[in-house]
Amino acid sequence: MPYNGRVNSSFAHVLGNQILAGLNPQQLAAVTLPHESALILAGAGSGKTRVLTTRIAWLIQTGQISPHGLMAVTFTNKASREMLTRISAMLPINTRGMWVGTFHGLCNRLLRTHFRDAGLPQTFQILDSQDQLALIKRLMKGLNIDDEKYPPRDLQYFINGYKEKGTRAPQVEIYDDHSRRLNELYAEYDKQCNREGVVDFAELMLRCFELLQRNEVLRNHYQQRFSHILVDEFQDTSPLQFRWLTLLAGPHNAIFAVGDDDQSIYAFRGASSKNMFEFERDFAKGRVIKLEQNYRSQGNILDAANALIRHNRLRLGKELWTAEGQGEPLRLFEAATDTEEASFIVDEVKSLRSEGTPLSEIALLYRSNAQSRVLEHALFNASLPYRVYGGLRFFERQEIKHALAYLRLIANPEDDGALLRVINLPTRGIGARSLEQLQEGSRMRGISLWESACSTPLAGKAGIGVRTFVQLIEALRARCLGLSLPEMVEIVVAGSGLKEYYEAEREGADRIENLNELVTAATGFEIEAEFAPADDSAATDQAPISDETADPRLRALNDFLSHASLEAGEHQATAGADALQLMTVHSAKGLEFQAVFISGLEEGLFPHENSLNVEDGVEEERRLMYVALTRARQRLYLSVAQSRMLHGQTRYNLVSRFLSEVPEGLLKRLNARRPVTYGAGISASTWSTPNSPRRPYSMEPASPWKVGQNVLHSKFGPGVIVNAEGRGSDARVQVNFRQVGLKWLSLDYAKLTPA
DNA sequence: ATTAGTGGTGTTTTT
DNA sequence: CACCACTAAT
């Protein structure tokens with residue numbers, strides 16, 4: 001629907017009232033702020049998304065801007081979809097052409113439109129983290145770098161870290177030989193990306209930033225266009241993203257930043273909630289609105305969350321409250337093993353379901369993806385339907401990546417990574433030796449592997465294989481031009497030989513299934529794209545500055561490939577069905593459920609052990625726990641497993657410190673710990689477990705000190721035995737103490753008491 | 001050239 | 001345990 005510039009005022013008045021109805025005073029104030037930058041400190045469940053979308057609707061409805069005159073940025077694709085859905089529910093406009101998206105999505109859009117100005121090929125491809133790591137390894141091998149001394153992962157971290165700060169290799173400060181070498185590799189890596197026409201995630205941001213900084217005409221154009229910039233989850237912005245925002249805002253535009261410093265959980269990715277302090281000081285200039293009324297969770301849940309987060313020092317300060325009642329206490333279950341924890345969860349889920357809670361309203365949260373296995377196993381055996389978010393996503397599966405590599409080669413033959421992935425898959429008799437020759441050739445002549453493959457005649461079988469491959473790609477490309485996207489994918493899937501390859505595999509059935517699914521995904525993608533034909537270019541071409549439209553025959557393919565990298569895809573079976581929701585705490589951010597299980601509340605896991613040595617690491621973990629707690633509306637379960645199978649071996653952990661930060665009065669312990677006597681007068685304590693009365697160690701001869709035993713030391717405090725050796729007076733045990741960590745103690749000497 | 005098998009190693013969270 | 005990199009056998 002075309003925008004008329006101004007809406008009939010009485011019409012706007014009526015609709016405006018409808019839009020604003022039901023907002024609390026703080027929300028209303030935020031929604032109707034004047035055209036100035038402001039910071040909205042919005043606690044969990046305080047109607048953050050509602051405020052954001054209502055402001056957009058209000059700005060448009062009252063004629064202050066057109067749908068093209070604003071930009072709204074989110075972090076996840078989920079969030080941006082949600083925003084678009086809500087806007088279209090409020091306003092009778094076509095949201096397709098609006099600039100609402102993730103940072104990376106919007107940067108991609110800008111770079112595609114101005115690829116020439118950005119110094120990129122029209123068909124540049126996006127590397128996901130896997131692709132990036134593969135490129136780094138390849139680069140290092142080519143340069144004969146010792147990957148013991150310079151682990152590829154470290155280099156990846158080094159490169160991304162600097163890119164997220166907006167620093168190119170020449171500007172990096174060098175401290176020692178090691179960082180000098182890393183930085184040389186950073187420069188080499190960027191050169192290689194440029195040669196191949198590929199761009200990693202961080203590069204997408206940085207390239208776009210530099211484009212706007214360097215090109216005044218473009219910058220002015222977009223500054224004039226986006227008079228309002230709205231940012232969701234502002235606490236998660238990196239320094240570079242912050243500078244990108246302020247560059248687009250220029251001196252006159254307003255940035256409406258919504259965020260919650262207590263929910264900042266992406267510091268590891270370069271995010272810094274310091275941006276919030278800086279933004280308040282330099283842009284919002286004291287215009288801060290706090291949204292503290294929570295509309296989601298009942299009192300006890302909020303009390304727990306507030307009590308927990310008070311242990312953090314670095315806060316802007318904010319306390320959630322609710323007009324609803326206290327509700328139920330939090331339910332705590334302490335299991336002996338991870339398996340027992342899982343079967344407890346299964347039992348509870350079953351009874352929740354029988355009480356009428358839809359499975360889709362129940363979430364199982366955990367700190368790390370690896371924890372989902374045990375839960376999935378138990379759910380599968382209980383035949384409860386579930387859906388796992390995260391983990392290996394659709395577009396990250398190897399068979400899909402292989403198919404995409406063929407498509408990428410058709411779009412951009414310079415993409416060495418794509419070529420290496422499929423030149424010998426299915427096998428064409430091209431082995432390591434021949435590949436080395438090709439790589440050597442392209443390194444010497446400074447050309448891509450593709451060119452090398454086209455021009456270097458190799459002897460024997462390999463030579464035939466290479467020629468077959470080159471001809472195959474060229475034939476596929478020729479057949480694809482002029483076809484629709486799903487037809488292209490169809491042809492590539494059928495013509496690449498991938499299907500035959502997987503048919504020969506024993507476990508290839510799922511993979512073939514996924515390849516067929518890829519064609520479906522392409523069909524769905526094309527249908528969506530058709531809803532917004534030239535909507536965007538119409539708006540962009542207000543000024544004659546965009547590069548000529550991409551070859552339309554490749555445009556669809558390129559868009560699809562970008563989509564595959566940027567939105568790896570919650571593309572899974574059982575999507576619509578009523579199923580339990582399994583996900584990491586990170587991916588639960590922004591969601592809410594009637595009942596939530598937080599499992600694995602153990603030291604080393606949550607908080608994660610890797611966070612303990614990081615500056616303010618535990619505070620970030622605590623914020624993560626805060627996010628987890630505030631996902632629940634009515635019922636919240638917390639569970640601990642005393643022992644857990646991890647990395648292939650059983651580990652014994654202490655109960656998470658976060659549990660002791662939740663006031664005891666808010667908890668209902670589902671299994672009270674009580675002393676149990678074993679053997680000849682040897683007193684031990686164990687966990688009373690109604691669901692599985694037999695514990696593993698009840699099978700073994702009684703002994704006072706067993707691995708897994710909780711103990712109390714007069715000096716070191718509480719701990720758990722993690723290891724034991726020796727007999728009689730030589731007997732020693734290794735204890736993991738809450739306060740002082742691991743210690744070996746002689747049983748003859750140390751004053752240990754069972755706890 | 002390809003594959004199967006071995007041994008060593010490292011593991012958070014995501015666009 | 002799962003993913004590599006490397007080796008030995010085909």
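- A side-chain N or O of A:Gln235 and one of A:Glu233 form a donor-acceptor pair less than 3.5 Å apart.
- Not a single donor-acceptor pair under 3.5 Å links the side chain of A:Arg623 to the backbone N or O of A:Asp262.
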Can you check each nucleotide of nucleotides 2-10 of chain C against protein heavy atoms at under 4.0 Å and return B for base, S for sugar-phosphate only, - for none, in 5' to 3' order? S--S-----

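- When every heavy atom of A:Ser656 is checked against every heavy atom of A:Pro607, the shortest pair comes out as OG-CD, 3.6 Å.
- Between A:Glu567 and A:Arg393 there is no salt bridge, since no side-chain nitrogen of the basic residue lies less than 4.0 Å from a carboxylate oxygen of the acidic one.
- Between A:Tyr626 and the options A:Asn312, A:Asp260, A:Ile265, a side-chain contact (heavy atoms from CB on, under 4.5 Å) holds for only A:Asp260.
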Could you run down nucleotides 8-15 of chain B 5' to 3' and tag each one B, S or - for protein heavy-atom contact under 4.0 Å? ---BBBBB

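- Side-chain N/O atoms of A:Asn412 and A:Arg408 include no donor and acceptor closer than 3.5 Å.
- Checked by atom type, the side-chain pair A:Asn558/A:Gln125 shows a donor-acceptor distance below 3.5 Å.
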